[in-house]
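Shown next, in C-alpha cells, is the structure this report addresses.
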Amino acid sequence: DVKVTQSSRYLVKRTGEKVFLECVQDMDHENMFWYRQDPGLGLRLIYFSYDVKMKEKGDIPEGYSVSREKKERFSLILESASTNQTSMYLCASSPYGQGIGKNIQYFGAGTRLSVL
Amino acid sequence: DAKTTQPPSMDCAEGRAANLPCNHSTISGNEYVYWYRQIHSQGPQYIIHGLKNNETNEMASLIITEDRKSSTLILPHATLRDTAVYYCIVKPPERDDKIIFGKGTRLHILP
C-alpha cells in the first residue's frame, strides 16, 4: 500500500515562528502536493512539485514556501506563522503519468496546526 | 474542470447499500469521474474512477449513465466505518495537478 506520512498530527506554534511541516512518501512518486483544508472552503492547493527541486505555486501560496531536496520528501514552510494559517494541512503524492484515467492522489493523515 | 453537484447529506442503514448520486452535466468527452472519501480527521482516500463503463473494485461500484451527465457510487453493504464525506470529481486524464474537491456528500451510516 502507498504510504504518505506527515510528521505531526497536531502542532501548536506561536505567531511569528518559522514552522516546518514534513511529508514523506514511500512509493517513489514524482508528484507531491500540499493542501490546506478549512471548514466551508474545502481543500485548497498551496504548492506542488513534479520532481526534485521543482515547485509550482498552487492557488494560495502566499505566506508559504516549499522544499523538495529528495524525491520522497516534500516540506512546507511557514516563514512567519500567523493566526490565519491555523488549519488542517494535507500532503498528497501521485505517480507521474499514471496512464489514461488515473489522476489518483494518495493523502497523508493531515497535520492540524494551531497558531496562537 | 467540470463542476459536480452532490446532495449535502444522506443517511443509510448499516448493512444496506448506500447509493450516492453525482451530477456532472457539463462533463467533457475526455474527463473521467473519480470518487474520494474523507473520514473524520483523516486525509481523503481514493475509492474508484471511470470513464463511461461501469466499474467495480473491492470498495465500491461506479455506475455512469449513458450520456455521462451523472453517476452513482454504490457501497454494497455499508458499515459504520463508511461514515464519511464523499467527493465526486471530474478531471481530464492528462492533468497531474490539483484536485478540486467540492463540498461532497456527508454520509451517515445508521446502526
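Below, read A as the first sequence line, B as the second, and so on, with proteins coming before strands; counting in each chain starts at 1.
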Seminar exercise, completed: dist Ile104(A):CD1 -> Ile99(B):CD1 (nearest 0.5 Å) comes out at 9.0 Å

Problem set entry | Shared hydrophobic cluster, Tyr10(A) / Val115(A) (ILVMFWY, side-chain heavy atoms < 4.5 Å) | no

For this session: Give the cluster check for Val33(B) versus Leu73(B): same hydrophobic cluster or not, with ILVMFWY residues linked at side-chain heavy-atom distances below 4.5 Å.
Result: yes

Problem set entry | Same apolar cluster (I L V M F W Y, side chains within < 4.5 Å links), Met32(A)/Phe48(A) | no

Problem set entry | Point-to-point distance, once rounded to the nearest 0.5 Å, from CZ of Arg9(A) to CD of Gln42(B) | 7.0 Å

For this session: Mind listing the closest non-hydrogen atom pair of Leu43(A) and Pro44(B) along with its distance?
Result: CD2-CG, 4.1 Å

For this session: Would you please go through residues 101-111 of chain B and name the residues with a non-hydrogen atom below 4.5 Å from one of chain A, in numerical order?
Result: Phe101(B), Lys103(B)

For this session: Tell me whether Leu113(A) is reachable from Tyr47(A) by hopping between hydrophobic residues (I, L, V, M, F, W, Y) whose side-chain heavy atoms are closer than 4.5 Å.
Result: yes

Exercise. Linking I/L/V/M/F/W/Y whenever any side-chain heavy atoms sit under 4.5 Å apart, do Val66(A) and Val4(A) land together?
Worked result: no

For this session: Could you look at Gln37(A) and say if it's the side chain, the backbone, both or neither that has a heavy atom under 4.5 Å from chain B?
Result: side chain

